[in-house]
Amino acid sequence: MSTFAEQLIIWHDQHGRHHLPWQKNRDPYAIWLSEVMLQQTQVNTVIPYYVRFMQEFPTISSLAQAPLDAVLSLWSGLGYYSRARNLHVTARKVMHHYQGQFPCAREAIQHLPGIGRSTAAAIAVFAFGQCEAILDGNVKRIFTRYFGISGFPGETKTQNLLWKKAEESLPIHYHNGKIETYTQALMDLGTAVCTRRAPLCKACPLQSECVALKENRVDQLPTTKPRMPLPQKEATFLLLMHQQDILLEQRPAPGIWGELWCPPEIGIGIDVITYCQHNLNIEVRALIELPILDHQFTHFKLRIHPQLLQVISSKSLITQPRFIWTKPSDALAKGIPAPVRKLLKRTFLSELSPYKI
DNA sequence: AACTCGGGGTT
DNA sequence: AACCCAGAGTT
């Protein structure tokens, strides 16, 4: 076995993580769920969501039978909601096309929605013990440093080279359990030792062969993404109050916050009273402009101007299924984005708020 | 190849 | 405020 893999496996026995919630068994469903939740999301953030999700939907069958709304509700706050929608689609696909048995070949796994090459490989490794290479943020960091590879890992050229290194470094002549340990060791080393800033090279099992360490380039690698300043967007949120209820609208998918519930959003500068008359067919009275809510996405910044409005006419005028009237406390149990959760809490549920319901 | 999709943690 | 995180899908 290569020194690289062997050193990692030896290191993992003493220093790796062995008690994460999804490490209890080889249930493909449990492993698949964990891998999807962990896409672009840190372990400590995922754990409570994962535990709740497994309690609510302990099997792929129970997930497949659930309504999407229930799935999104459990996902609320975790972000990247297309993951939840794809999870739901895939659960039904596995039930229907694979008789509830998760496919075990990496290629087949990779064809399922929401599962790319790295996630498919992780599932193949941890659920089925197959010898496949992963390439996540941890692995990219370790390999760019160990082999001294410069260039932003998002570029195709660099990414292809990293995949090649990942495959070449696999423990080919392994026996039972080695590939799982090796794969977990890569991620644990990336999390605990080969960190983005201030890596603990003196504690690293790969230090004697690490090119970046030899050449004193550890803090130069991996090459950071060239960033553009984020465009600033603004929007008005209409908080329409009718007695104890507010109006929520289900947003279209695909798109930002697809299928999640939000107060109606309009561009700034649009006359609110007129908009409600013409587009919602509701007579309203403007109460107050609530404090601005700033939110940042990967590719733009959104400044939300929440406007509190009182409904004068009957609320029953809106009957489209994409609109609902709901108590703010009930809205928190639905699939709503994080800023909306924050807004509803501080406006309607805080003891300090004059609009507390 | 470039762009779209979130939210939270860290520094 | 910038950067990153067990990336994937679309165009």
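Lettering of chains follows the sequences in order, A, B, ..., and the numbering in each one begins at 1.
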J.: With a 3.5 Å cut-off and no angle check, do the side chains of Gln184(A) and Gln23(A) form a donor-acceptor pair?
T.: yes
J.: Does His96(A) NE2 have over 12 foreign heavy atoms under 6.0 Å away?
T.: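 Open.
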J.: Could you tell me whether Phe143(A) and Tyr146(A) have their ring centroids closer than 6.0 angstrom?
T.: no
J.: Atom CZ of Arg197(A) to atom P of dC4(C): distance rounded to whole Å?
T.: 7 Å
J.: I need the CD-C1' distance between Gln296(A) and dC4(C), as an integer number of Å.
T.: 12 Å
J.: Could you tell me from which nucleotide to which nucleotide of DNA chain B, 5' to 3', there is an atom under 4.0 Å from chain A heavy atoms?
T.: dA1(B) to dT11(B)
J.: For nucleotides dG6(B) and dT11(C), find the distance between their P atoms and express it as a whole number of Å.
T.: 15 Å
J.: Going by side-chain heavy atoms closer than 4.5 Å, which hydrophobic residues are tied to Tyr80(A), directly or by a chain of links?
T.: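 For Tyr80(A), no cluster forms, as it stays isolated from other hydrophobic side chains.
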J.: Going by the salt bridge (Lys or Arg N to Asp or Glu O under 4.0 Å) test, which pairs reach into residues 8-28 of chain A, not counting sequence neighbours?
T.: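 Non-adjacent pairs meeting salt bridge (Lys or Arg N to Asp or Glu O under 4.0 Å): Arg17(A)-Asp188(A), Arg26(A)-Glu180(A).
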J.: Thr41(A) side chain to Leu38(A) main-chain N or O, any donor-acceptor pair under 3.5 Å?
T.: no
J.: Please compare Lys157(A) and Tyr81(A) by the position of their nearest nucleotide in DNA chain B and report the one closer to 5'.
T.: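 Result: Lys157(A).
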J.: Taking CD1 from Ile47(A) and P from dC5(C), how many angstroms apart are they, rounded to a whole number?
T.: 18 Å
J.: Taking atom C1' of dC5(C) as reference, at what distance in whole Å does atom NZ of Lys225(A) sit?
T.: 14 Å
J.: May I ask you to say what Gly258(A) touches in the nucleic acid, namely base, sugar-phosphate or nothing, with a heavy-atom cut-off under 4.0 Å?
T.: nothing
J.: What pairs meet the ring-ring contact (aromatic ring centres under 6.0 Å, His included) rule with one or both residues in residues 103-141 of chain A, with sequence neighbours excluded?
T.: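 Qualifying pairs, neighbours excluded: none.
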J.: Between dA6(C) and dC3(B), how far apart are the two C1' atoms, rounded to whole Å?
T.: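 Each nucleotide's C1' atom is 23 Å from the other's.
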J.: Across nucleotides 6-11 of chain C, 5' to 3', mark each nucleotide with B, S or - according to how protein heavy atoms within less than 4.0 Å reach it.
T.: BBSS--
J.: Under the rule for side-chain hydrogen bond (donor to acceptor under 3.5 Å, both in side chains), what residues qualify as partners of Gln42(A), not counting sequence neighbours?
T.: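 Gln42(A): no side-chain hydrogen bond (donor to acceptor under 3.5 Å, both in side chains) contacts found.
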J.: Assess whether atom NZ of Lys164(A) is packed by more than 12 heavy atoms of other residues, nucleotides or ligands within 6.0 Å.
T.: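 No, not enclosed.
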J.: Checking all strands, does Pro254(A) fall into the base, sugar-phosphate, or nothing category for heavy-atom contacts under 4.0 angstrom?
T.: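 No contact.
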J.: Whole-Å distance between dC4(C) P and Ile142(A) CD1?
T.: 16 Å
